[in-house]
Amino acid sequence: MTLLLQISDPHFGSERPPVVDALLRLAHAQAPNLVVLSGDITQRARRGQFRAARAFVDRLGVATTLAIPGNHDIPLFNMAARLFSPYANYCREFGAELEPVFESDQLLVIGVNTTRFYRHKDGEVSAAQIERVAQRLERATDTQLRIVVTHQPVAVTRAQEETNLLHGHVDAIRSWTLAGADLILGGHIHLPFVLALHQRFADLPRKVWAIQAGTAVSSRIRHEAGNSVNLIRYPGLQLQRRCATVERWDYLDAQQSFQPVDINELCFDVPAPAG
């Protein structure tokens, strides 16, 4: 069994200390194999905020972390830094690789940097990025759960959220699904949900889901959704059947802890044996 913990939009600089402590307790209790940070790690991309985020990740006690930047991880008010070294503070704490890849016998997780210095909030995925990710997906094994991580969402559930959609999302969904993607993880809108993209886009050749996470520890919560994270459990290929469980865990103030509030079991297509 492989366990992935998705933490999105923690916005260090606006974190709630009791929620941070509760998330640390959850990580220690669940002992995930991999932590995915799907962007907006900080509130204003300041050195101190990145240092606090790095200290938090180190305290999680998880051997491997895959992180991508969000739009808040680029300086907003320091225009010189935004133009000439937008990722300097990010790279100082989380490394120079802005599109990391994690691979094991059971997982293939591909990060995509959807931020642009010339965009304030919106994200963008280029044709070259779409192709690079597709080529990597095509080399995955049948036993691997294939995950792509973007910051901005590739799909939304409400018309008022459509302005937050990733630019280039339609081409990305079609290309990555054809190449074998199972899940596309995102954040940005602080609204958690699981959405069957193959039901939204009729021409998709196989099953693929969008998995959105809420804000993990920030006070910047929506009135209809508080702090939350996702746990994804994957047992591997079993009897030519690949399934994963996506669990949403919300922070509940009364209990001062994260508790499971929604569980989705998702099954994926497995190519038939040759011959």
Side-chain angles (χ1 to χ4, degrees), residues 4 6 8 36 38-39 68 99 101 103 106-114 122-189 191-213 230 232-238 240-248 262-274:
L4 181 156
Q6 183 192 7
S8 198
V36 169
S38 46
I68 60 169
E99 297 190 308
V101 176
E103 185 170 16
Q106 292 193 332
L107 286 182
L108 174 62
V109 186
I110 304 170
V112 185
N113 177 20
T114 57
D122 289 2
E124 176 184 319
V125 60
S126 68
Q129 287 176 303
I130 292 172
E131 179 61 21
R132 176 187 63 81
V133 171
Q135 289 180 1
R136 188 62 191 85
L137 287 167
E138 288 171 349
R139 299 198 302 271
T141 68
D142 290 346
T143 61
Q144 289 175 318
L145 183 66
R146 304 145 196 182
I147 300 173
V148 181
V149 186
T150 64
H151 176 59
Q152 287 84 0
V154 298
V156 293
T157 58
R158 304 174 181 182
Q160 60 266 37
E161 300 291 350
E162 290 181 358
T163 57
N164 291 307
L165 282 167
L166 178 67
H167 292 267
H169 67 281
V170 174
D171 289 342
I173 289 171
R174 288 176 175 151
S175 176
W176 297 343
T177 302
L178 184 63
D182 297 312
L183 305 176
I184 303 177
L185 274 54
H188 187 58
I189 57 176
L191 188 65
F193 57 80
V194 174
L195 183 64
L197 294 173
H198 49 280
Q199 295 177 1
R200 179 69 63 90
F201 297 87
D203 59 342
L204 294 184
R206 55 192 302 281
K207 295 178 181 177
V208 60
W209 278 266
I211 310 296
Q212 284 290 127
N230 291 327
I232 301 174
R233 303 181 192 273
Y234 178 57
L237 186 65
Q238 296 181 332
Q240 294 303 307
R241 188 168 182 257
R242 289 191 305 118
C243 294
T245 302
V246 179
E247 303 171 1
R248 171 182 156 193
D262 188 47
I263 300 175
N264 290 271
E265 183 175 351
L266 312 179
C267 291
F268 313 99
D269 300 322
V270 177

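We number each residue from 1, following the sequence as shown.
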Nearest heavy-atom neighbours spanning Ala181 and Leu137:
CB-CD1, 3.9 Å
Under 3.5 Å, side chain of Trp209 to main-chain N/O of Leu266, donor-acceptor pair present?
no
Measure the spacing between CG of Leu204 and CZ of Arg200 and express it to the nearest 0.5 Å.
11.5 Å
Does any N or O in the side chain of Asn230 come within less than 3.5 Å of the main-chain N or O of Gln6, such that one atom is a donor and the other an acceptor?
no
Is there a side-chain contact between Val36 and Leu4, using heavy atoms and a 4.5 Å cut-off?
yes
I want to check something: taking the side chain as every heavy atom from C-beta on, are Leu195 and Ile211 in contact at a cut-off of under 4.5 Å?
no
Once rounded to the nearest 0.5 Å, what's the spacing between atom NE2 of His169 and atom CG of Leu197?
9.5 Å
SB check Arg242 Asp142 (cutoff 4.0 Å)
no
Leu183 side chain near Phe268 side chain, heavy-atom distance below 4.5 Å
yes
Quick one: does Ser175's side chain have a donor or acceptor within less than 3.5 Å of a partner on Asp171's backbone?
no
Any side-chain heavy atom of Leu178 within less than 4.5 Å of one from Trp176?
no
Arg132 side chain reached by Ile110 side chain, heavy atoms, under 4.5 Å:
yes
Looking only at atom types and distance, does a side-chain atom of Gln144 sit under 3.5 Å from a main-chain N or O of Thr141, one as donor and one as acceptor?
yes
Paired with Val112, the side-chain contact (heavy atoms from CB on, under 4.5 Å) test is passed by just one of Thr150, Ile130, Val149, namely Thr150
Is any side-chain heavy atom of Thr245 less than 4.5 Å from a side-chain heavy atom of Ile232?
no
Does the side chain of Val101 come within less than 4.5 Å of Leu108's, by heavy atoms?
yes
Expected output: side-chain His188 to main-chain His151 donor-acceptor under 3.5 Å
no
For Ile68 and Asn113: C-alpha separation, side-chain torsions, deciding distance, then whether side-chain contact (heavy atoms from CB on, under 4.5 Å) applies.
CA-CA 6 Å; Ile68 60 169; Asn113 177 20; 5.8 Å; no
Step by step, would you call Val156 with Ile189 a side-chain contact (heavy atoms from CB on, under 4.5 Å)?
CA-CA 9 Å; Val156 293; Ile189 57 176; 4.2 Å; yes
Distance, nearest 0.5 Å, that separates CZ of Arg136 from CD of Glu103
4.0 Å
Main-chain N/O of Ser126 paired to Gln129 side chain as donor or acceptor, under 3.5 Å:
yes
Flag the pair Glu138 and Arg146 as a salt bridge only when some basic side-chain nitrogen lies within less than 4.0 angstrom of an acidic carboxylate oxygen.
no
Between the OG atom in Ser8 and the CD atom in Gln212, the distance rounded to the nearest 0.5 Å is 7.5 Å
About how many Å separate CD of Gln152 and CG of Leu165, when rounded to the nearest 0.5 Å?
10.0 Å
Output for pair (Thr114 OG1, His167 NE2), nearest 0.5 Å, gives 10.5 Å
Minimum side-chain heavy-atom gap His198-Arg206 below 4.5 Å
no
